[in-house]
Every structure is written in structure tokens, then in C-alpha cells.
There are 2 protein chains.
Amino acid sequence: MSSGCSRQYDEGRDSDVYGAALMAVSMHDVARAAGVSQRTVSNVVNNYEYVRPETRQRVLDAMAALGYVPNAAARSLRAARTGLIALVVPDFRARLFADLAGPVVREAEALGYTVLIELTEGDRARELKVLTGDRNQLTDGAIMVALSLRPDDGQRRRADYPVVLVGDEVLEGQIPHVGIPNREASLAVVRHLAGTGRRRLMLLGYAPDQSQTGRARLQGFLEGLEEAGLTAYEELLVEAGWAREDGRRAIEEHMDAGRPMPDAIFAMNDSCALGALRALYDRGVRVPQEVAVVGFDDAEEARYSTPSLTSVSPNVEALAGNAVAMLHEQITGKPSGHEPRIVVDFQLKVRESSQ
Amino acid sequence: MSSGCSRQYDEGRDSDVYGAALMAVSMHDVARAAGVSQRTVSNVVNNYEYVRPETRQRVLDAMAALGYVPNAAARSLRAARTGLIALVVPDFRARLFADLAGPVVREAEALGYTVLIELTEGDRARELKVLTGDRNQLTDGAIMVALSLRPDDGQRRRADYPVVLVGDEVLEGQIPHVGIPNREASLAVVRHLAGTGRRRLMLLGYAPDQSQTGRARLQGFLEGLEEAGLTAYEELLVEAGWAREDGRRAIEEHMDAGRPMPDAIFAMNDSCALGALRALYDRGVRVPQEVAVVGFDDAEEARYSTPSLTSVSPNVEALAGNAVAMLHEQITGKPSGHEPRIVVDFQLKVRESSQ
DNA sequence: GTGAAAGCGCTAACAA
DNA sequence: TTGTTAGCGCTTTCAC
């Protein structure tokens, strides 16, 4: 009962078609079938060099015959690492986060990791838990887009749980970080608009107590105005959320209130910009003839809106690639070739809405 | 050396800030600190009822003091299940797949699962591997959107690896499946168009050797025409891919070739429809006055295009919820309350493009 | 209510 | 080149 049977589910396997997903054939079973030791099977599975070809073949045959599949849990337990990394984002509805997932999965796979997804809904407690490693010891590390962390939360970080932050750099210098070139790109937008003769620029999506992202974009915007010798009109710093409805409503209210119109609108992101575009269309304001519109993120719909939307296109592949690479370095403990802080590059995609 | 020290990484932990992510404090350590047996710690961790409150508190304190976090690998190894399920999709760029991820993660979490993402790029070999369970024994099951499987691939399925297919039902009856109401919704679209006086309907995105999805939508389209007593014009069955550029190009070519114009276009999905919309706009064809346009999927951009796009909105939450529930039932081996085949409901969101 | 101990499947140190 | 074996951290059966 004990020596011959290494598993508890030998009986009733056929009837138990759906149960006990794991717990199939073990190395021990393969070893027995092939007439070798478990060690040899392990050697074959892990492509260990010094196995006689004939032995290897016998083991491979046995594996195929029995349908052997290595057990990840056992391997992880032994190796003290799971090969899993978490991608922690607020929400997949936000386009940029969904766009991040593909490249992250691809980059991770190239380094031998599998990616699992956690959704925080921007909840501070959940974001903190990632930082403090206060979850299952399931992942070797995490890439997180944090929305609600505060500057001093870095203190609470669990030292031995690798984390890379993407996006806002709330925890300056405390955690490795891959950022979006918010200030630089905003500057480039203003230069573009000023360079095509626009003089009265609106910043749409401003908020008094803003995210770092918002502040950086505002800063770049103001710097750009100054550089171009343009006036920063207070009534053209328009408060609004960053969703389409927000952009649409803000523009409608602005016009309804009879406030002076800009000749260019720089929205904090594409959603907001597209909402604005819609409002302008509804009111018969021609884009770009009367007002130019520029967004941020280069969401796919920016390319296909009517008119197509000029937008800042951050290098998402670089974002993902750097994040995964930095995480990998933390996990393997290798000295970092990357700086702990990286800002990826961007392109300004000039389209119909600003020409 | 052996009795007092249960871990090999006791020394040098502080210097080893990044290495050995797992392998932290074990139950054994907590037990020793709290002066109880490992069994008791386990009982506390798992909320076992019969633990004296005072003992429980002592254990909890020790856990907090040492920063204990349970080890998922060990637990999985013991339990013969990992609590992980895979969401296997071709690509996250396709809107619907990304939209699926959020609800799947949420539903899964409610049932105690964590979701990990695998990208197939529509590669047949990778899709097959999911079916045959020929990967790591890492997940308890998989939810897959398969693009390249063939009808008889079901044979090769590994009986004890739970899988639910979402979308196309290539493996009819062989694998539990949650589908999109392609035929029914297409029928509803034609009824809507015919009901608003349209007579010459184009189907955009037809392909000779089509996916099941395409065939079902075609079928619903044709049934609808027949029902409404309309003619199915062959030149209005327009071959095209389903991406925006495809839709745009197809319409451009159609017009350039001087082929007769429809008074309504039903595109196979929103991307394609939005491409068509753009082509019509560029050529000065008014939508919906001259031509109505309808899409499929109810992507977010459909709501915000100009004009906003009428579209079929499949119930994605239901899709995700049913898929996770069906998978869970397979995993736990419970008799299925659901049918092995489910088609979710839908809504036709009528917007400006068809009014 | 709690303790002792077996063993899940695997890797790797030690032997041979 | 291959065999033997000791655990990785956890759950759980069997005692007490």
C-alpha cells in the first residue's frame, strides 16, 4: 500500500474525469516505468548534460507513455521561487493598462516568467499589500501601477519582495520605477501647437490636488507656454476628470458659460480629448480650423477618430520591457544595470486634429 | 545545526535584500516563537474552530512579529491544486479579449482563484497545449479563446485538465463552452435596419473560409434578410478583415470600383465598422442619412465615435461569469448546474449611426 | 485543544 | 553516469 503506490488517487482516476486536476503522474512513476532512479528522470526533464542518450530516450518514452507533466508547485517549493510575477493594475478598462499587459506578458515569458493579474480598483489597501508583501507568497515579484500610494508608504515596503512601479512616481527614489515622460511630452505638445501658430492654449483635465502625472503634465504645459512667450490664461486651465464624459461636459460647460474659447486644447489623455472633440463637433466648432485638439496616450481610437487625434505616444513596449527587466534583476539579485528610475521615450503623433 | 535552524537562509538575510523572494518565515518558526506546535499555527492560519482564544492570540502575535506569510507553493503541493486559472487569449490588442480580463479576474477572485494570462497569438500549437494539458501543472484549469483549433482536436484533450472555451464553438459538444449570440444578434441587427426602412444591406467582413463566429453572423444576416423579404445582393457581401484598416479599405475599394452602394452596412465588428465610418466620412457620404452603419462588440469607442456607432453589446460580464463558474465546477468536480454550452444574452445599442 | 509525524513532487548534495 | 536521500512548507491523520 505504501511502497508500491506513490499517489493517493490511483483508484477511480477514470471516473474522476474532472477532479484532482494536478496530482497526475509523478517523476517517481516515470522512474519506475523507465527502470531508472528519480534523479535520472529529473536530469532528463531539466536537460542535464550527462545522461546516456539511450537512458534519456527510455525516460522520454516513459514520460510520453504516462503523460508526465512536471508539477510546478513542487518545483517552486524546492526552488524557493515560483516563476510567477504579478501585474497589478487598477483596472483593465483604462486603455493604457490593458495595453501594458500584452508586452509585459511577452517580455516576462522571454525571461521565463508567467504573469498573473491583480486588480486593485485603485484601492489603497490593496496597493499597500503589494508593497508590504502581505499576500500569499505566490509571486516572485510585482509590477504595479499604483494610484493611491502616498509618498511615505515606501517605508512600509517589505525589503525582500521585489516591486517595480510603473507610471506615477509617488515613492520617489524608494522603489524602482519606470515612468512616462509627462513633463517632456507636454512641453513637446505646446511647442508643436505654438509652432503651428496657436496662441491661446487650454489645458483640459487640470485638478487642484493632482496626481503626479497631472502635475508633471501641467508643469510641462506651463514651461512650454513660457518658452514660447505665450500667456497662461487662468480660465483656460480647465478642471475636469480624464474620462470621455468629463472632457465632453467640461467643454460644453465652458462654452455654455460663454467663457473665451482657446485656439488649441491639450487634454490630459485621449479619452478626455475625444470627449472634447465630440462636444466641439456637436456645437459646430471646426477642428482643427478653429481649435486644435491634442491628447495623451495614443490610444487606438485616437488614430481612427474623426478627425484623427494628435496624441503623445509613450513607448509602451519600453515601459513593459524595462519594468520586467528591472523586476528580473531584483528577483535574481543581480546588480542593476538599469538605473532604479527610468523614463521611457515618446513620440508626438501629429494627426488631423492639430494640422 | 539541524534542529534549531529550519531554514538555510537565516544568515545574511539583511544583506540579501533582493534575493530569495520566498523562503521567508515558516510555520515552524512561528510555532517555535509562540511556543506551540506547527499544527496549531496551521489551525490558526486556516481559521480552524477549536483553538483556545488565548493560544490563537499568541500565534497571531508571533505571526505579526515575524511577518509570516503563508507559502503558496507548499500549500499547492499539499492540496494538489494551485488556486490558479489561466486566461488564454490570442492577444490583448483585440478589445474584446482585454475587456474579458477584468470581469474574469473579478469573478475568479470571488471564487478564490487567481488568474494568470497566457498569450497564444492565435498559434495552433499553443492552443493545443492548453487542451492537452501539456504544460506546467501550474493552473487548475483554463479559460481559452481559441482561434486555430479544429473540430476534431477535442479528441486530444487531456481528460483531467479542466478547460472552458469562450467565443467560437469549434469543438462542438466536446468542451464546455460559453458563446456569443452571433446568429441571434445579427438577426436583431437586420430587423432593426429593415425596421427603419433600409433595403440594401451590406455585410462587411465576410470571408469565404470563415471562423464559426463569421459564419454564424452571416447566417443571422441572411435569415434576417429573408424574414424581412429583402434581397441578399452578392456584391454587398464584402470580403474584408476585421480590423479598422480593413473596413476602411474595403469601403474605399467598393466605392472606387463604382459598385452599387448599400443604404446600410453591418460590419462584423466595431473596429471594422469604425474604419468604414471613416471611409464614408472621407468620401462625403452622410451617416446615417445616406447609409446606416452597425457594428458588433460595443467597444467603448463605438459610444464616442462621430457619429456614435450602433452596435451589438454582448454581455461580457455574463461571458466571464459563466466561464469562471463552469470552470470552477469542473475543477471541484461538482455536477454541473450549467449546461456545458451557454450562449449569453446581448443588447442592441442603437446610436446615431443608424437612426 | 494540541502535538508528532508522514508525505505531496521535486532538486541537489553526497555517494558510488 | 546514475542511485540514494534529505528536506522545501504545508495539511492532515492519528494520538493524547
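Order of the sequence lines fixes the chain letters, A, B, ..., with proteins taken first and strands second; residue numbering starts at 1 for each chain.
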Quiz prompt | Close side-chain approach of B:Phe92 to A:Arg106, heavy-atom, < 4.5 Å | solution = no

Quiz item: Should A:Arg52 be listed as having a side-chain N or O under 4.0 Å from OP1 or OP2 of D:dT2?
Solution: yes

Exercise. Would you please confirm or rule out a distance under 4.0 Å between OP1 or OP2 of C:dG3 and any side-chain N or O of B:Tyr50?
Key: no

Quiz item: Which comes earlier along DNA chain D counting from the 5' end, the contact point of B:Ala74 or that of B:Arg39, where each point is its nearest nucleotide?
Solution: B:Ala74

Exercise. Check whether any side-chain N or O of A:Thr40 sits under 4.0 Å from OP1 or OP2 of D:dG3, and answer yes or no.
Key: yes

Practice problem: Could you check how far CG of A:Asn47 sits from P of C:dC10, rounded to whole Å? | Solution: 15 Å

Quiz item: Whole Å only: how far is the NE2 atom of B:His28 from the P atom of D:dG7?
Solution: 12 Å

Quiz prompt | Non-hydrogen side-chain atoms of B:Glu169 and B:Arg341 separated by less than 4.5 Å | solution = yes

Quiz item: Taking for each residue the nucleotide of DNA chain C with the nearest heavy atom, is it A:Gln38 or B:Asn43 whose nucleotide lies nearer the 5' end?
Solution: B:Asn43

Quiz item: Side chain of B:Asp140, backbone of B:Thr82: donor and acceptor closer than 3.5 Å?
Solution: yes

Self-check item: C:dT11 phosphate, OP1 or OP2, under 4.0 Å from A:Asn46 side-chain N/O
Solution: yes

Practice problem: Tell me whether the OP1 or OP2 atom of C:dT11 has a side-chain N or O from A:Ser42 closer than 4.0 Å. | Solution: yes

Exercise. Could you list the residues that satisfy salt bridge (Lys or Arg N to Asp or Glu O under 4.0 Å) with B:Arg75, not counting sequence neighbours?
Key: none

Quiz item: Whole-Å distance between D:dT11 C1' and B:Arg78 CZ?
Solution: 5 Å

Quiz item: So does B:Arg75 get a side-chain nitrogen or oxygen closer than 4.0 Å to the phosphate oxygens (OP1/OP2) of D:dG9?
Solution: no

Quiz item: Just checking A:Val36: base, sugar-phosphate only, or nothing, at a heavy-atom cut-off of under 4.0 Å?
Solution: sugar-phosphate

Quiz item: Quick one: do A:Glu118 and A:Arg126 make a salt bridge, cutoff under 4.0 Å?
Solution: no

Quiz item: Base, sugar-phosphate alone, or nothing: which one does B:Val45 contact when heavy atoms must sit under 4.0 Å apart?
Solution: nothing

Practice problem: Provide, to the nearest angstrom, the distance between the OH atom belonging to A:Tyr48 and the C1' atom belonging to D:dT2. | Solution: 10 Å

